[in-house]
Colleague: 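Please find one structure pasted underneath; my questions will follow.
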Amino acid sequence: MTRLRLLLIEDSEDDAALVERELSRAGYAVMSRRVDTPETLIAALADGAWDIAVADFTMPRFSGTAALTLLRQHNSEMPFIFVSGTIGEDAAVDAMKTGAHDYIMKGNLKRLVPAVERELREAAGRVSRRQAEARLAYLAYHDPLTDLPNRLLLQDRLQQGLLNAHRAGDPLALIVLDLDAFKAINDSLGHQAGDRVLQEIAGRLRAHLRDIDTVARLGGDEFAILLPRTDSEGATLVARKLLAELREPLTLDGHAFVIGGSLGIASCPHDGVKADLLLQKADVAMYVAKAGGFGYAVYAEDRDRPAHQRLGLMTEIIDGIARREFSLHYQPVVHLQSGAAVYLEGLARWEHPARGPMLPAEFVPFAEQISLIDPLTILLLEQALADWARPSPAPPPIPVAVNLSPRSLRESDFPDRVAAVLQAHRVPPGALVLEITENVLLSDASRAISSLSRLRGMGVRLALDDFGAGYSSLSYLRRLPVDLLKIDRSFVTGLAHDDAIVRSTIDLAHDLGLEVVAEGVETPEARDRLAALGCDAAQGRFIAEPAPAAEIRRWLARRQSGL
């Protein structure tokens with residue numbers, strides 16, 4: 001039976017009993033209380049929580065509308081139903097306007113149970129919506145994993161803290177903390193273990209701070225600590241205490257780990273009086289601490305200039321991705337026997353607004369270090385597919401290649417995002433080639449191979465780039481689910497003196513069912529020698545320089561026409 005806490009505002013015991021009996025017959029276990037004066041109603045409301053109120057409209061010492069007004073002062077949303085033998089249509093309408101949910105004539109109590117059921121459902125819905133709204137409001141300002149304030153709430157508290165510090169003439173300090181060994185745990189034990197580490201660290205940080213302090217999670221493994229009424233010297237003491245706590249072993253699934261961290265300190269008014277500036281300078285000091293292995297560092301303009309430049313480049317890459325300043329030049333890979341283009345390799349370029357055109361070596365390694373390579377890769381992938389999926393009177397669609405970072409392959413949802421981009425541009429998976437290097441096996445090889453297998457299973461072709469230039473032996477080739485092998489340009493350059501390595505690599509690749517592409521073909525002699533050795537395809541400046549899509553389209557048109 002469903003338990004029902006019923007508040008009866010009724011002067012007649014017999015009428016109250018009729019209401020209780022009707023609800024009991026419907027399967028409710030009714031726990032009721034009858035009141036008929038303002039004083040007894042106030043006492044009942046104070047004594048406990050009620051599911052629903054049923055009230056007579058006209059009572060000698062207490063009107064139903066007065067009871068409703070009094071109840072609403074205590075609970076604005078409790079279901080309230082008039083059950084009366086005297087209420088008229090106009091009075092009923094007026095009662096509904098004052099906040100009653102329904103009215104029922106005592107001579108027609110068969111409507112009571114459906115009305116109660118409806119109002120209880122709607123009340124439960126109101127409670128659920130209110131809880132959901134409260135949860136959404138909470139999540140807007142808190143990190144759901146650690147329950148700490150998020151960046152948005154930190155910014156708000158930092159702004160308020162700076163205003164209060166200015167009024168009172170007090171100092172204020174800000175610490176930015178980045179964990180040192182979190183990535184290794186995340187990669188080796190998985191994201192769930194990483195989440196538990198973050199929750200443990202959040203608890204440790206909270207336990208060692210004052211009530212007036214704020215510890216927030218900025219994202220990833222980065223935290224911030226706001227210290228009101230604290231100067232840089234006081235913040236240094238806090239940083240030492242937190243470092244000592246972080247160096248205490250953390251036990252996870254029977255394994256003990258030492259996390260450690262790097263902390264950067266900035267203070268007001270010494271380092272600035274604006275929230276964004278103070279956060280930026282604490283971030284810069286943290287980079288100095290991490291780079292030097294100091295544990296913590298206090299912001300100092302002269303010493304921190306290289307780190308400041310590093311932070312500036314990070315901001316520029318973020319802005320460059322948002323403004324789509326990155327593009328692709330394309331270099332054809334051609335079949336050595338037929339001369340036909342096999343596919344086009346997209347090579348990243350950055351049209352920097354101040355520095356001018358930048359090559360991949362100038363920004364890709366840094367983008368990998370600061371975890372921006374993934375959004376950059378997706379941007380370039382979308383650009384490549386957009387360039388070659390457009391209808392054109394020029395040559396028919398040709399496969400296009402994009403280079404992948406090992407970091408992207410460690411993200412479990414990366415194949416899904418590739419599939420989404422292919423679908424959005426209506427490009428068949430077989431028209432995409434993804435080029436990887438041997439470095440995919442340096443960290444979390446199993447996850448990388450899993451991602452590669454999923455991509456290949458979708459129909460995307462995979463090429464192993466710069467083969468022979470990395471750390472791996474030929475045995476690693478059997479572990480990677482690739483279709484193409486690209487011989488590093490350093491071996492192609494030395495063909496005139498020794499072709500043994502190139503010849504053996506071609507033979508091995510063919511034995512494994514792989515096609516072979518030679519990189520860095522700069523002379524007709526190199527092209528001819530590769531063809532004689534059985535190499536399938538080649539690319540290099542002798543064949544075609546990298547160029548924007550429009551220029552490569554013209555190159556392809558000339559190639560097809562035999563010019």
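Since this is a predicted model, take the numbers as computed values, not measurements.
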Colleague: What residues form a side-chain contact (heavy atoms from CB on, under 4.5 Å) with Asp483, not counting sequence neighbours?
Modeller: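 By the side-chain contact (heavy atoms from CB on, under 4.5 Å) rule, Asp483 matches Arg456, Arg461, Leu462.
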Colleague: Short question: side chain of Lys281, backbone of Asp271 - any donor-acceptor pair under 3.5 Å?
Modeller: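 Present.
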Colleague: side-chain hydrogen bond (donor to acceptor under 3.5 Å, both in side chains) between Ser408 and Asp374: does it pass, once the steps are laid out?
Modeller: CA-CA 5 Å; Ser408 295; Asp374 202 28; 3.2 Å; yes
Colleague: With Phe414, which residues qualify under ring-ring contact (aromatic ring centres under 6.0 Å, His included), at least two apart?
Modeller: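 In terms of ring-ring contact (aromatic ring centres under 6.0 Å, His included), with neighbours along the sequence ignored, Phe414 is linked to no residue.
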Colleague: For Asp511, check side-chain contact (heavy atoms from CB on, under 4.5 Å) against everything at least two apart and list the hits.
Modeller: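 For Asp511 there are no side-chain contact (heavy atoms from CB on, under 4.5 Å) partners, ignoring immediate neighbours.
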Colleague: Will you find, in the side chains of His352 and Glu316, an N or O donor that is under 3.5 Å from an N or O acceptor?
Modeller: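 The answer is yes; a qualifying pair exists.
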Colleague: Using the ring-ring contact (aromatic ring centres under 6.0 Å, His included) criterion, which residues pair with His329? Sequence neighbours excluded.
Modeller: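 His329: no ring-ring contact (aromatic ring centres under 6.0 Å, His included) contacts found.
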Colleague: Test side chain to side chain contact (heavy atoms under 4.5 Å, CB included) on Leu205 and Leu242; report intermediate values, then the result.
Modeller: CA-CA 7 Å; Leu205 295 175; Leu242 294 179; 3.9 Å; yes
Colleague: Kindly say whether the aromatic ring centers of Phe467 and Phe491 come within a distance under 6.0 Å.
Modeller: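 Aromatic pair excluded; centres sit 6.0 Å or further apart.
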Colleague: For Asp507 and Arg503, run salt bridge (Lys or Arg N to Asp or Glu O under 4.0 Å): C-alpha distance rounded to whole Å, both residues' side-chain angles, the deciding distance at 0.1 Å, then the answer.
Modeller: CA-CA 6 Å; Asp507 291 343; Arg503 183 173 61 251; 5.2 Å; no
Colleague: Identify whether the distance between the nearest side-chain nitrogen and carboxylate oxygen of Glu362 and Arg355 falls below 4.0 Å.
Modeller: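 Not counted as a salt bridge, because no side-chain N and carboxylate O are separated by less than 4.0 Å.
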Colleague: With Arg196, which residues qualify under side-chain contact (heavy atoms from CB on, under 4.5 Å), at least two apart?
Modeller: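 Arg196 satisfies side-chain contact (heavy atoms from CB on, under 4.5 Å) with Gln199, Leu252, Asp253 once adjacent residues are dropped.
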Colleague: Sequence neighbours left out, what passes side-chain hydrogen bond (donor to acceptor under 3.5 Å, both in side chains) with Asp416? Give chain and number order.
Modeller: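 Here the qualifying residues are Arg454.
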Colleague: Keeping to residues at least two apart or across chains, list the side-chain hydrogen bond (donor to acceptor under 3.5 Å, both in side chains) pairs with something in residues 528-544.
Modeller: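 Passing the test, one end in residues 528-544: Gln331-Gln539, Glu345-Gln539, Lys486-Gln539, Asp499-Arg529, His510-Asp536, Arg541-Glu545.
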Colleague: Considering residues, nucleotides and ligands other than His270, do more than 12 of their heavy atoms fall under 6.0 Å from its NE2?
Modeller: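 No, NE2 of His270 has 12 or fewer neighbouring heavy atoms, counting only those of other groups under 6.0 Å.
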Colleague: Restricting to salt bridge (Lys or Arg N to Asp or Glu O under 4.0 Å), what partner residues turn up for Glu200, sequence neighbours left out?
Modeller: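 In terms of salt bridge (Lys or Arg N to Asp or Glu O under 4.0 Å), with neighbours along the sequence ignored, Glu200 is linked to Arg204.
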Colleague: List for me each residue that meets side-chain contact (heavy atoms from CB on, under 4.5 Å) alongside Ala431, sequence neighbours excluded, and say none if there are none.
Modeller: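 Once residues adjacent in sequence are excluded, the partners of Ala431 under the side-chain contact (heavy atoms from CB on, under 4.5 Å) criterion are Val427, Pro428.
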Colleague: When you measure from the side chain of Ser267 to the backbone N and O of Ala173, does any donor-acceptor pair fall under 3.5 Å?
Modeller: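 Between the backbone of Ala173 and the side chain of Ser267 there is no qualifying donor-acceptor contact (under 3.5 Å).
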Colleague: Begin from the C-alpha positions of Arg489 and Asp466 and carry the test salt bridge (Lys or Arg N to Asp or Glu O under 4.0 Å) through to its verdict.
Modeller: CA-CA 7 Å; Arg489 65 181 62 247; Asp466 301 332; 6.0 Å; no
Colleague: Using only heavy-atom distances, determine whether the side chains of Arg217 and Thr146 contain a donor-acceptor pair under 3.5 Å.
Modeller: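 Result is no, nothing qualifies.
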Colleague: The criterion is side-chain hydrogen bond (donor to acceptor under 3.5 Å, both in side chains); which residues satisfy it with Asp156, sequence neighbours excluded?
Modeller: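 side-chain hydrogen bond (donor to acceptor under 3.5 Å, both in side chains) list for Asp156, sorted by chain: empty.
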Colleague: Can you name the residues that form a ring-ring contact (aromatic ring centres under 6.0 Å, His included) with Tyr330, not counting sequence neighbours?
Modeller: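 Listed in chain order: Trp388.
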Colleague: Please enumerate all residues that pass side-chain hydrogen bond (donor to acceptor under 3.5 Å, both in side chains) together with Arg324, with sequence neighbours excluded.
Modeller: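 Partners of Arg324 by the side-chain hydrogen bond (donor to acceptor under 3.5 Å, both in side chains) criterion come out as none, since no residue qualifies.
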Colleague: Working to the nearest 0.5 Å, report the span between CD1 of Ile175 and OG of Ser232.
Modeller: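 Those atoms lie 10.5 Å apart.
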Colleague: State plainly whether the residues Asp143 and Arg151 are in salt-bridge range, i.e. N to O under 4.0 Å.
Modeller: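 Judged by the 4.0 Å cut-off on N to carboxylate O distance, Asp143 and Arg151 do not form a salt bridge.
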